[in-house]
Structure formats: structure tokens, C-alpha cells
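Numbered from 1 within each chain, the chains take letters A, B, ... in sequence-line order. Values reported hereafter were calculated over all heavy atoms of this structure, with side chains retained and with hydrogens, waters and symmetry mates removed.
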2 protein chains.
Amino acid sequence: MKKYVIISNDIRNKILKGEYIANQRLPFEKDLCVQYESSKMTIKKAVDILVTEGLIIKRRGSGTFVKDLNPEEIERIAMANQFRGTTALYSDKKVFSKILNFSIVTVPEQAAKKLNLSEDTFVYDICRVRYVDDKPVVIEKMYMPIDLIPGIKEKNIKGSIYEYIENELHLKIQSAHRTVSVRKATDSEAEELGLEEGDPVAIAEQVGYLDTGNTFEFSTSIHRYDEFSVEMVLTRD
Amino acid sequence: MKKYVIISNDIRNKILKGEYIANQRLPFEKDLCVQYESSKMTIKKAVDILVTEGLIIKRRGSGTFVKDLNPEEIERIAMANQFRGTTALYSDKKVFSKILNFSIVTVPEQAAKKLNLSEDTFVYDICRVRYVDDKPVVIEKMYMPIDLIPGIKEKNIKGSIYEYIENELHLKIQSAHRTVSVRKATDSEAEELGLEEGDPVAIAEQVGYLDTGNTFEFSTSIHRYDEFSVEMVLTRD
DNA sequence: AAGTGGTCTAGACCACATT
DNA sequence: ATGTGGTCTAGACCACTTC
């Protein structure tokens, strides 16, 4: 394990345990260098993780201070900006899928753009409703190039596609770009999600990348409005 | 200007201009060291900015590669994870506020928690509807401690409060934690936003911090569903 | 085996705030 | 004036691919 991650975790724990108290000054970086037997750069890296997470703030010439956060806020910070599929997100609950469509088609125009594919490429066209504890929470439509993600079977899309990609194909999912917006549910969406027509839904359009840099997924998720929220930490510069 | 930012910008421009092409390998870091007359650490920092933005990917032992992105995606990346007020966000449009409430009250319980204040603190209680090009797009309710942000007048909340805080009070806004969710508009919200009751609205709950680490703002924004979207880059580790 | 990026160090110099 | 955190260097060693 990386030294700066270990140090970062250690400091975070001390904040969570109340060993470093809100608005209190943390030890100076040069003291942390001694304490953790590390160089300045390593300590800075460790501390900057916590700055990015929003737990602490630094002031040049003055020191580093614990932010004035309530426990809920801290809890959220730990969850924010993580990239998890539905199965992993609700790992303590029962997740299953109702499959609405599973076929192979030539890539539709919008998806071709997002996936940066030529128009004549074959992709999976998957549409499924994800149930959590027997309640429908999201409709997922996704396109994936068959060349990149070969061998998907119906049983895979009943469970976690991400698990199939990572554990069976041994590919590494690296990141995703997501756009969240809001609109009214269409008739058929409402029916699948157990909503009334015109009820709110959250739309998450996502483009996913492997660690090879290849775009492997373009998906649109339609979420029940009462089962959706997303956390962010924004910074000014 | 910091060297690694200059280098990062330079490389980004070369990608945008097509000088480095999708799926192509970037020069090795040791070559970039020579080219930019920098050390390994500085180059790594510069390149890692672009990795975080999602423009490129790195593979140890193999090299650094430009991601296979379409132009729209690249455009979005530049916008993502920025922290801007409504006025700055719509800087090319006409923004004004209709003030629904502007008073000073003892802090309500929920806001006290979020702002980490004791129950008997005075805060501004501001509620305004923001119009962009004469169309209502968002209702903002916000609480700010009067001690931290003194001297707000009605004219300030008609315009940009963030501008007042930064330009007149010379305080620095550092970051914010935001939670986005979705629900149906209440009767009164619908009226202010020109919607029907029960139409979708996006709710953004936000806690804002100064660079001193002080929590200066707890706000809840109720957005018209057709005028709301948010971008994110998620990473797996 | 050679070459990549990743981590870490010890120390220089700078910008900024005041312990 | 002193001490903080911020940037940068030159070089060591490690983990991973195969240029």
C-alpha cells in the first residue's frame, strides 16, 4: 500500500475519532514529516487527499485546519465521487434485473457518437429494469461494442455487467463521464417503474472507459425520483 | 503561473488541436521532461491533471494515451466540477432575482446542523427566484451566518451574493458539498417557476465553505426540470 | 533485459501570514 | 523576521509491460 494513502487514512481516522477537532490546527507538515518518517512531498500528497475530500483546509503561512463538519457531512464525503454499478451500490440488498431487450444491432447514431465508433459497428443493445428489494428503481439502456466486451449472455445481464467485465473478462474499468438531468416519465417508463405518467425521473447519461482508454459503454439510466441522489464536492479553482 | 499548469494546458491544447490524436501515444514522460525542461514530478503532476479530467489514460510500463473522445465530450470535461453561482453560470445572459424573503432569524434546526452553529445564532434567511432571460429557472433558499458575512443588503441579493462575498468582503470561497435529488414541485414552487403542480424539480442542497474552513452557506435550490443538468467525472479508485 | 510510469527522498527556493 | 505551505529538482528504487 502506498505510503501517502496510509498516512492520509491515518489522519482521516484521527479526524473521525475526534483526535483532531473541528477548527483545530493539524500538526505542521514538517512535524508530520518527522512523525510519519516521510518527506515533505509525501506528506503534502497525503494531506491534499483530505483537502480534496473536503475534510480539511490549508492556509499558506498559517497552517492546516480541520473543517467544521457535522458527522453526516463526513459520511457523505466518503461516498462521493465513487463509480459503482447498481449491484455494488446496493450490495447489502437483493438486486435483480428484468430484461426488456437483449440483442445485437448496428450502432445507432447517437451511441456511435458517444462511443466514437463508425456507423457499421455491432453493439449489444441492452435494456433492463433493476429491482432493489423487489422494488423497481431504475431502467438502464446500454450499448457496448461486442468486440470490446465479448461473450455477454443473458445470465450476465441479469446480474452485474460490471462484475462480468472485471472478473470474467479481466478488464479494468477506469472512469466514467456522467450527465444528470431531470424530466417527466413517459407512459412506458412510468409503468416499468411503478410511477404515474408525468412523474419525475432522473436521467443519468453515462460514458464509461476502460483503463485502456477505450470507450466501452454508453448508457442512459432512468431513475425513480424517490430513489435517486448524487453527491459532489465542488472546488473553486 | 505554476509550471505544471502551464505544461498541462499546453498538452491539453495539443490534444484539442489534434496534434495528439485519439488512441495515439503521448511522448514518454522522460521526453516531456526534456521538452519542458522539468523534473519527473512536475511532468507527472501536469499529465495527471489531464488524467483526472478524463482526457488521457496512463498505463504503467506502456505509456500514456489520448482517450477516444468526441468533441462534445471534451467540451463537457472543461465545464465539469466547476463551482459557480447562477450569475457566473449564465454570464452571457440577463440574470435577476425576485426576492421572496429577506430577513434575519435565529437559525432553524436543520440549518444549524449543516452550518455547525449553536441554536441561538442569527442568520440571514434569504429566498429568491432567479430569472435568466426573463424566465424563472430556480428558487434559492439560503441561510448564512451574519457574523461571517456581514452587511448584506437587498441590492446584493438582487444580484450575485458570491460576488458580494468575494469582491466587497474580500473573502475567498473555497468549496461546496452538494447533494442533488429529484421530487415533485409543490403548489407554490410550481407557481414561482411557471410549472404545473407535481411537475419534476431538481433539488440541490449545498453547503459552502470559505478558505478559512468556515461554513458560510447552507442553501437549497429548486430547479426547473428543463433548465437543470450537472456533469461529473467518476473514477474507480 | 530494457523501458515505462509510480513512489519517495532531501533539499532548494518562493509566496504568504503572523502561531 | 520567522515559519508556514507550494513548487520544483535530481536522483533512487519499485512495479509493471514489452514501446
Using the heavy-atom set of chain A and a strict 4.0 Å cut-off, write down the first and last nucleotide of DNA chain D that makes it in, 5' to 3'. dG3(D) to dC8(D)
For E29(B), which of K58(B), K40(B), K44(B) qualifies under side-chain hydrogen bond (donor to acceptor under 3.5 Å, both in side chains)? K58(B)
Can a donor-acceptor pair under 3.5 Å be found between the side-chain atoms of R25(A) and the base atoms of dT19(C)? yes
Please report the distance, rounded to the nearest Å, between CD in Q24(A) and C1' in dT19(C). 14 Å
Taking atom types as modelled, find out whether D48(A) and Y4(A) have a side-chain donor-acceptor pair closer than 3.5 angstrom. no
Contact class for K40(A) vs. all strands (heavy atom < 4.0 Å): base, sugar-phosphate, or nothing? base
Classify the ring geometry of F228(A) against H223(A): parallel below 30°, tilted from 30° to 60°, perpendicular beyond 60°. tilted
For K44(B), report the nucleic acid contact type (base, sugar-phosphate, nothing); a contact means any heavy atom under 4.0 Å. base
Would one find more than 12 heavy atoms of other residues, nucleotides or ligands at under 6.0 Å from atom NZ of K93(B)? no
Over all strands shown, is F28(A) touching base, sugar-phosphate only, or nothing at heavy-atom distances under 4.0 angstrom? sugar-phosphate
Assuming nearest nucleotide by heavy-atom distance, tell me which of L26(B) and G63(A) is located more 5' along DNA chain C. L26(B)
Parallel, tilted or perpendicular, as decided by the 30° and 60° cut-offs, for the rings of H177(B) and Y209(B): tilted
R12(A): salt bridge (Lys or Arg N to Asp or Glu O under 4.0 Å) partners, not counting sequence neighbours: E53(A)
